[in-house]
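The structure appears below as structure tokens.
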Amino acid sequence: MKNVKQKLFAVMLACALASLFTRAALADALSVTLTNKTDAKVFVAIAGVSSGGESSGDFSKGWYAVEPGQSRTIKLRDYSPVFEYYFYATSKGGKRVWEAKGGNGESCWIHPKNAFESKGGRKVSGGKRVPFRHLSVGTDGKAKINFVVK
């Protein structure tokens, strides 16, 4: 009886793991819901960094604007579960900045005023590197960011 229980557990565990990997493989886009709970317009940049050390697919892209009291969902194609995702945000006028502190993020390129896209970690003309915060992405390729005043 003990051997049957062990086999049943092994089969159930294998099915659960297969389900997780299948859902991650099916996500073809990173879907990020941005919610602005502040009194100022917020501009957001998203970055993806390969966790395998190969930087050719790395990117940073922005700006996605979110009005005060509003939500917005953005989708970025080519979601990959082997990437770590990050974000950086600033309010209109730069009074509030959401960035990584104490080395707990990833340094990526932005342009301080214009829309931008950096591929492969390449420099953005007129841009600068800033500390992006880690973005927690589910196995379904979805993430949420809430911007609040503390």
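In what follows, residues are counted from 1 in the order of the sequence shown.
The distance from atom CD1 of Ile46 to atom CD1 of Ile74, rounded to the nearest 0.5 Å, is 4.5 Å.
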Can you give me every donor-acceptor pair (side chain of residues 36-44, partner residue at least two apart or in another chain, under 3.5 Å) with its distance?
unit_1	atom_1	unit_2	atom_2	d
Asn36	OD1	Thr38	N	2.9
Asn36	OD1	Thr38	OG1	2.6
Asn36	ND2	Ala40	O	2.8
Asn36	ND2	Val66	O	2.9
Asn36	ND2	Glu67	O	3.3
Thr38	OG1	Ala40	N	3.2
Thr38	OG1	Ala40	O	2.9
Asp39	OD1	Arg96	NH1	3.2
Asp39	OD1	Arg96	NH2	3.1
Lys41	NZ	Glu67	OE2	3.3

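With sequence neighbours excluded, the residues satisfying side chain to side chain contact (heavy atoms under 4.5 Å, CB included) with Ser71 are Thr35. The side-chain hydrogen bond (donor to acceptor under 3.5 Å, both in side chains) check on Thr90 picks up nothing, with sequence neighbours excluded. Partners of Tyr64 according to the ring pair (Phe, Tyr, Trp, His ring centres under 6.0 Å) rule, which considers only residues two or more places apart in sequence or in another chain, do not exist here. In this view, Lys142 and Ser31, Asp140 satisfy the side chain to side chain contact (heavy atoms under 4.5 Å, CB included) rule, not counting sequence neighbours. Under the ring pair (Phe, Tyr, Trp, His ring centres under 6.0 Å) criterion, Tyr88 pairs with Phe132, sequence neighbours left out. Residues passing the salt bridge (charged side-chain N to carboxylate O under 4.0 Å, His left out) test with Lys101, sequence neighbours excluded: Glu99. With sequence neighbours left out, the side-chain hydrogen bond (donor to acceptor under 3.5 Å, both in side chains) criterion links Glu84 to His134.
Judged purely by atom type and a 3.5 angstrom limit, Arg72 uses its side chain to pair as donor or acceptor with the backbone of Ala65.
Sorted by first and then second residue, the ring pair (Phe, Tyr, Trp, His ring centres under 6.0 Å) pairs involving residues 102-128 (not counting sequence neighbours) are Trp63-Phe116. Pairs engaging residues 120-132 under the side chain to side chain donor-acceptor pair (under 3.5 Å) rule: Ser107-Arg129 [sequence neighbours left out].
Listed here is the closest heavy atom pair of Gly126 and Pro112: O-CD, 3.6 Å. When every heavy atom of Phe147 is checked against every heavy atom of Ala89, the shortest pair comes out as CE2-CB, 3.4 Å.
Contact check for Val49 versus Tyr86: side-chain heavy atoms found under the 4.5 Å cut-off. Within the 4.5 Å cutoff, the side chain of Tyr79 has heavy atoms near those of the Val137 side chain. Looking at heavy atoms from C-beta onward, Leu34 lies out of side-chain contact with Thr73 at the 4.5 angstrom threshold. At a threshold of 4.5 Å between non-hydrogen side-chain atoms, the residues Ser50 and Phe59 do not count as touching.
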Checklist line | Check against side-chain contact (heavy atoms from CB on, under 4.5 Å), Leu135 and Phe87 | finding: CA-CA 6 Å; Leu135 177 60; Phe87 75 94; 4.2 Å; yes
